[in-house]
Protein chains: 2
Amino acid sequence: MDDKNISQAVIGRLPRYLRYLGELKDSNVERVSSQELSELMNVTASQIRQDFNNFGGFGQQGYGYKVNFLYDEIAKILGINKTHHLIIVGAGNLGQALANYMNFERRGFHFTGIFDSNEALTGKKIRDMYVQPMSNLENFVKENAIDIAVLTIPKTSAVKVAEQLVGYGVKAFWNFAHVDLNVPDDIVVENVHLSDSLMKLSYNITRKEQENE
Amino acid sequence: MDDKNISQAVIGRLPRYLRYLGELKDSNVERVSSQELSELMNVTASQIRQDFNNFGGFGQQGYGYKVNFLYDEIAKILGINKTHHLIIVGAGNLGQALANYMNFERRGFHFTGIFDSNEALTGKKIRDMYVQPMSNLENFVKENAIDIAVLTIPKTSAVKVAEQLVGYGVKAFWNFAHVDLNVPDDIVVENVHLSDSLMKLSYNITRKEQENE
DNA sequence: GTATCTTTGTTATTTTCATAACACTTTAAT
DNA sequence: ATTAAAGTGTTATGAAAATAACAAAGATAC
């Protein structure tokens, strides 16, 4: 498994492969060819083989891929096995929803705390956890070796809070705030800009409408 | 504004341009060059000029771009001015959060209804709206000319519900269900697969960790 | 066991996307 | 007015990504 430098385009496709492989697994399918998978997923077989080969090739010529093995390998690449400690910063609508909705534990993320600057929320029970005030943040992050922060706070405070969290030792952000974080290069940021996504939808609707004229 | 065939790569960058231009606007900046914008946004000036030129070019040589004008043009391209009618299907954690959190109205989306198959939720007040049972769906969509459905239901029901909604006249989906919808080509789908995003984060953390060894 | 078929891994080609280069236009300075 | 500087639109080049092609490996059938 040589990890030279895989493009984010490839990485972005891995979770989808994993999803389909999981379904095959659940249906007790033992083997699958790139051809079959390509028809199922609506991508080219060539791309599938290229993608897998970035990591060394998981198949057997003349046979195909063993579903279980392939699934496990991709899961490993994605780091699903590794354990990380995660907090949610911002216990508003979205923060609460993610706390309840995402199954962090099942994905190897230990969800250990949720914080909000609005002290009216302090102590509110969410899932099996109590909202903490921001004044607890520094100690909590340091003591619990938190490496991931989910940012569900307004953009006005996101940049500053992210900088603070980096200072406390956080290594990665799942950023829902609608702003670009200002963090060092060795910090990982995955942005989820929902309003950007909605605008793309808007564009594509408009385009389709124009096409049908 | 000739609309030959703009790549989704370009479209995907437009919302970010819009965001930065909005900030410049708010700071009463009147003009901006591709060079300045490139430094601000951390992209190449060349890419900015190329992107804008897909739509005909909005600047003046030797001067740059007028911030207000450019902002409005990009907003127009993204179809922010158009009005659409939108419902949320699935009033669970995520559905409720989006109802409260997204400012649909400000983006030209008329949010007109929210539905859930769990009848215990029927009548629950969310924002200024009451959760409706799925049995209302068909009539509501047809009578209110709903063109967008936000899907925040489990993947087990998403595919079927989407097919039904297409039958009722829905033209676009903002899909949060972790599954690929099966809809005709003329239907627009924008997927937000949060767990995929989380896996990408996971991968990149693992990668950074390995680099630092 | 041999021959045929399947299907991968990998190399070659094509297409798409990003960057660089530059001619031409406008602005600004003297 | 003339010249220099700034900065776009656009063309040319380079890089990256996707697809196609194919040889080698293994599976299957007889």
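If you're wondering where the values come from, they're calculated on a predicted model, not measured in any experiment. Every chain is numbered from 1 and lettered A, B, ... according to where its sequence line falls, protein lines coming before strand lines.
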Checklist entry - Should the pair A:F58 and A:F55 be assigned to parallel (<30°), tilted (30 to 60°) or perpendicular (>60°) ring geometry? => result parallel
Checklist entry - Should the pair A:F140 and A:F115 be assigned to parallel (<30°), tilted (30 to 60°) or perpendicular (>60°) ring geometry? => result perpendicular
Checklist entry - First and last nucleotide of DNA chain C touching chain B, 5' to 3', heavy-atom cut-off 4.0 Å? => result C:dC17 to C:dA28
Checklist entry - Heavy atoms under 4.0 Å, any strand shown: does A:F52 hit a base, just sugar-phosphate, or nothing? => result nothing
Checklist entry - For B:S46, which contact category applies under a 4.0 Å heavy-atom criterion: base, sugar-phosphate, or nothing? => result base
Next on the checklist: Taking the nucleotide of DNA chain D with the nearest heavy atom to each, does A:R13 or A:R31 sit closer to the 5' end?
Outcome noted: A:R13
Checklist outcome for this item: Between A:V10 and A:Q61, the residue closer to the 5' end of DNA chain D by nearest nucleotide is A:V10
Item to check | Shortest non-hydrogen contact from A:R19 toward B:V179 | outcome: NH1-CA, 3.4 Å
Item to check | Rounded (10°) bend between the five-pair end axes of the helix from C:dG1-D:dC30 to C:dT30-D:dA1 | outcome: 10°
Next on the checklist: Go through it in stages, so that I can follow the logic: the residues are B:L165 and B:F173, the test is side-chain contact (heavy atoms from CB on, under 4.5 Å), and I'd like the CA-CA distance, side-chain angles, deciding distance and then a yes or no.
Outcome noted: CA-CA 9 Å; B:L165 286 166; B:F173 292 93; 3.8 Å; yes
Within the 4.5 Å heavy-atom criterion, are [X] and [Y] side-chain neighbours or not?
X      : Y      : value
B:Q96  : B:V131 : no
B:L37  : B:L24  : yes
A:F111 : A:M129 : yes

Checklist outcome for this item: Min and max contacting nt of DNA chain D in 5' to 3' order, chain B heavy atoms within under 4.0 angstrom, are D:dA6 to D:dA12
Item to check | salt_bridge(A:E211, A:R207) N-O dist < 4.0 Å | outcome: yes
Checklist entry - Taking it one step at a time, do B:Q47 and B:R13 satisfy side-chain contact (heavy atoms from CB on, under 4.5 Å)? => result CA-CA 10 Å; B:Q47 181 167 71; B:R13 286 191 290 268; 3.3 Å; yes
Checklist entry - Would A:E163 and A:N182 satisfy side chain to side chain donor-acceptor pair (under 3.5 Å), going step by step from the backbone distance to the final call? => result CA-CA 7 Å; A:E163 284 168 359; A:N182 172 34; 2.9 Å; yes
